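To start, the structure under review is shown below, and the notes come after it.
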Amino acid sequence: MIIHFVWVWLSTILLVGSCLWAFWRGEAAERWGGGILLIGFGLTVIAQICQPKGVYDGAGIVAVDVAGLLAFVILSLWSRRIWTLFIAAFQLNAVISHFAVHLSSHVDMYTQITAVGLWGGYAITFALMAGMWQVERRRLGRN
């Protein structure tokens with residue numbers, strides 16, 4: 001129970017913190033990335049509230065993740081920054097992870113939840129943080 005609590009709240013704090021950092025100090029691509037993350041996070045919370053009890057991976061959550069994937073691909077094509085390529089790839093992994101339980105009998109619900117949380121939570125947050133780190137290094141003249 002405590003591990004789940006730390007897993008969820010640490011990722012939430014990191015996500016919100018990195019998005020605020022992007023809004024405060026980021027350039028256009030970082031701000032768009034932070035906006036996509038925050039909107040996706042909010043819509044995911046709403047989708048979780050609206051889905052039937054006992055269903056982890058409802059259509060609403062998958063739809064939010066697919067829309068996020070499309071937004072990150074467009075951001076990557078528009079900005080041509082390496083971190084946006086990684087964030088789009090990590091989001092693709094999260095979308096594919098939604099279907100892992102249906103594709104293999106060896107994947108259970110907890111493995112799926114962990115994979116979606118890892119790729120769709122921590123990995124994309126760290127990709128945005130890497131983008132912000134790059135912006136800060138450029139500001140200091142350290143390319």
Side-chain angles (χ1 to χ4, degrees), residues 1-103 107-143:
M1 186 69 166
I2 190 76
I3 293 172
H4 174 74
F5 182 79
V6 170
W7 172 262
V8 170
W9 283 104
L10 180 62
S11 68
T12 302
I13 290 167
L14 287 173
L15 183 133
V16 171
S18 65
C19 290
L20 291 175
W21 185 23
F23 292 144
W24 176 46
R25 305 264 307 164
E27 296 174 354
E30 289 76 23
R31 289 180 180 164
W32 276 102
I36 294 166
L37 280 176
L38 279 182
I39 290 169
F41 178 71
L43 291 175
T44 299
V45 170
I46 292 169
Q48 285 176 335
I49 292 169
C50 293
Q51 71 187 3
K53 298 291 182 212
V55 174
Y56 160 70
D57 214 10
I61 295 173
V62 175
V64 169
D65 281 352
V66 169
L69 171 61
L70 293 174
F72 286 133
V73 167
I74 291 168
L75 178 65
S76 182
L77 292 171
W78 170 72
S79 70
R80 309 295 289 175
R81 299 209 179 150
I82 191 72
W83 72 267
T84 60
L85 177 66
F86 277 95
I87 207 168
F90 294 151
Q91 186 67 20
L92 176 62
N93 282 344
V95 169
I96 291 170
S97 295
H98 283 293
F99 302 103
V101 73
H102 305 292
L103 299 174
V107 177
D108 63 356
M109 182 182 69
Y110 297 107
T111 305
Q112 179 189 12
I113 291 169
T114 303
V116 171
L118 179 68
W119 295 115
Y122 282 100
I124 61 174
T125 300
F126 289 140
L128 178 62
M129 292 169 80
M132 282 306 302
W133 183 64
Q134 187 178 25
V135 167
E136 296 291 355
R137 284 181 49 97
R138 256 195 324 264
R139 278 203 182 106
L140 294 172
R142 294 186 187 159
N143 255 355

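For clarity, every value in this text was computed on a predicted model and none was experimentally measured.
Partner Phe90 forms a ring-ring contact (aromatic ring centres under 6.0 Å, His included) with one of Phe72, Tyr122, Trp119 and no other, that one being Trp119.
For the atom pair CD (Glu136) and CE (Met132), the distance works out to 5.0 Å, reported to the nearest 0.5 Å. In this structure, the separation between CG on Leu14 and CD1 on Ile124 is 12.0 Å, given to the nearest 0.5 Å. In this structure, SG on Cys19 lies 10.5 Å from CE on Met129, to the nearest 0.5 angstrom. Note that CD1 of Ile36 and CD1 of Ile87 are 7.5 Å apart. Values are rounded to the nearest 0.5 Å. We find the CZ-CZ distance between Arg31 and Arg25 to be 10.5 Å, quoted to the nearest 0.5 Å. The CG atom of Asn93 lies 11.5 Å from the CG atom of Asp65; values are rounded to the nearest 0.5 Å.
Annotation for Ala47 and Gly60: closest pair CB-C, 3.8 Å, computed over non-hydrogen atoms. Residues Ser18 and Thr125 approach most closely at OG-CG2, 3.5 Å, considering heavy atoms. The heavy-atom pair separating Val64 from Gly40 by the smallest distance is CG1-O, 3.6 Å. Minimum interatomic distance between Val116 and Ser97 (heavy atoms only, all atoms of both residues): CG2-CB, 3.7 Å. Residues Leu38 and Leu15 approach most closely at CD2-CD2, 4.0 Å, considering heavy atoms.
Using a 4.5 Å cut-off on side-chain heavy atoms (C-beta onward), Thr84 and Trp78 make no contact.
For residues 68-97, the pairs satisfying salt bridge (charged side-chain N to carboxylate O under 4.0 Å, His left out) are Glu27-Arg81, Glu30-Arg81, with sequence neighbours left out.
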Verdict with reasoning, Trp21 to Leu128, per side-chain contact (heavy atoms from CB on, under 4.5 Å): CA-CA 10 Å; Trp21 185 23; Leu128 178 62; over 6 Å; no

Step-by-step side-chain contact (heavy atoms from CB on, under 4.5 Å) determination, Ile61 to His98: CA-CA 9 Å; Ile61 295 173; His98 283 293; 3.7 Å; yes

side-chain contact (heavy atoms from CB on, under 4.5 Å) between Ile82 and Leu85, intermediate numbers included: CA-CA 5 Å; Ile82 191 72; Leu85 177 66; 4.0 Å; yes

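Environment of CH2 in Trp133: sparse, with no more than 12 heavy atoms of neighbouring residues, nucleotides or ligands closer than 6.0 Å.
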